[in-house]
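Just follow the structure's listing: the first ligand is 1, and inside any ligand the first atom is 1. Predicted model only: the values in this text are computed from it and were never measured. Sequential numbering from 1 along the given sequence is applied to the chain's residues.
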Amino acid sequence: PIWPRPSGWVNKITQYFLVCVCVCVCFEGLPTYPDVSRMWEIVDKYHVTKFYTAPTAIRLLMKYGREPVQKYKRDSLKVLGTVGEPINPEAWQWYYSVVGEKRCPIVDTFWQTETGGHVLTPLPAATPMKPGSATFPFFGVVPAVLNESGEELEGASEGYLVFKQPWPGVMRTVYGNQQRFETTYFKKFPGYYVTGDGCRRDKDGYYWITGRIDDMLNVSGHLLSTAEVESALAEHEAVAEAAVVGRPHPVKGESLYCFVTLTDGVTYSRTLEAELKKQVREKIGAIATPDFIQNAPGLPKTRSGKIMRRVLRKIACDERDLGDISTLADSSVVEHLFQNRCCVGV
Ligand code: AMP
């Protein structure tokens, strides 16, 4: 085995936790149909205590303001969870103050299908929160931050997020393909489980996921995290959601191609475009100034709400061979984005 198997007593503890019971309300459908209060209506109706969703849903609902949330009672709520992608501080604040009325802790849970459970997460109401950080490792989980050469970085640092030892629930193989398991997760840095995500650890030891390593951009030799640029764009009140991808550039290597979905009622204009560029430059630095900004009323997402950046990269480069897009929730947005793509940088 690549890692030691969890021993007998560890499995016993897992079984103990598995017998704890709770009632779950699972919602499948659009959070905006028949109207944008749908989530809160369900919370009110079933007295939901712990509400768990993805940042993409929060950003979508933010577009419509507070009124649709405040129409329904949410006093049953105790904990608000977020998962699936880095949550930008803007969305975090809205979730915390509008949905949770500043009384519910936000639990930003970082995990993967492969990890079988949360690996970085605050303990609700016990861990002091920082908007946008998944905070600290869960019990038994030992993370490390590695540089490109596989060296462990100490203290405040940024690099590859890996784990140093197994825990109950972590995947043990890829069904029928042990070789693939070893290559995908253990080959790049032998002895570590490689998540494929980048992260930053701040001086207080908090972990901040910066996004998939494949989503890093190299602009004139500077490594930029797309999540960081997206967050800077989303801080503008006119922007409900942003997705940033790289487009090859003859001089800089890569340029930043940004898709922005505007808040309900806002119209796209050159003035807004200039403001957005300025905002990113001020928040991150001149190197991150967007080269292209495209107004995107809709973004290509999977049914679980993840933005398909692979498709956005193709749109940015005007390449029509999209490969398999059967997991897209709504494929019509793709054609619309192709028709309105930016040909010249702003
Ligand atoms: P999946 O296996 O489909 O659940 O996707 C796992 C991936 O989602 C991770 O590798 C991360 O890229 C992302 N992810 C999940 N939770 C978080 C989180 N709390 N913050 C940032 N990214 C997350």
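At a cut-off of 3.5 Å, with distance as the only test, a side-chain donor of Thr109 or Tyr52 sits close to an acceptor on the other residue. A donor and an acceptor atom, one from each side chain of Glu182 and Gln178, are located under 3.5 Å apart.
Relative orientation of the Phe163 and Trp167 rings is perpendicular, given thresholds of 30° and 60° on the angle between their planes. Relative ring orientation between Tyr185 and Tyr193 is described as parallel, the plane-to-plane angle staying below 30° on a 0-90° scale split at 30° and 60°.
Residue contact check: Asp108 has heavy atoms under 4.0 Å from atoms 18 (C), 19 (N), 20 (N) of ligand 1. The distance from ligand 1 to the heavy atoms of Val83 drops below 4.0 Å at these ligand atoms: 16 (N). The contact set between ligand 1 and Ile209, taken as ligand atoms under 4.0 Å from a residue heavy atom, comprises 21 (C), 22 (N). Atoms of ligand 1 lying under 4.0 Å from any heavy atom of Lys306, numbered from 1 in the order shown and given with element: 3 (O), 5 (O), 8 (O). Residue-ligand proximity, Trp111 to ligand 1, at heavy-atom distances under 4.0 Å covers atoms 6 (C), 9 (C), 15 (C), 16 (N). Of all atoms in ligand 1, listed by their number and element, those nearer than 4.0 Å to a heavy atom of Pro86 are 20 (N), 21 (C), 22 (N).
Taking any N or O of Thr195, backbone or side chain, none lies under 3.5 Å from an N or O belonging to ligand 1.
Using a 4.0 angstrom heavy-atom cutoff, Gly84 counts as in contact with ligand 1.
With a 6.0 Å cutoff to the six-membered ring centre and a 45° limit on the axis angle, Arg247 counts as a cation-pi contact of Phe292.
Neither the backbone nor the side chain of Ala134 has a heavy atom within less than 4.0 Å of ligand 1. At a heavy-atom cutoff of 4.0 Å, ligand 1 is contacted by the backbone of Glu85 but not by its side chain.
The ring of Tyr207 has its center no closer than 6.0 angstrom to the ring center of Phe110.
For the side chain to side chain contact (heavy atoms under 4.5 Å, CB included) with Leu161, the lone residue among Val194, Leu146, Leu120 that qualifies is Leu120.
Counting only heavy atoms of the protein, atom 12 (O) of ligand 1 lies nearest to Asp197 OD1, 2.6 Å.
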Would you sort out whether Glu241 and Lys301 count as a salt bridge (charged side-chain N to carboxylate O under 4.0 Å, His left out), showing the intermediate values? CA-CA 12 Å; Glu241 185 153 44; Lys301 290 185 183 170; 2.7 Å; yes
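With distances taken over non-hydrogen atoms, the option nearest atom 1 (P) of ligand 1 out of Thr113, Leu120, Thr210 is Thr113.
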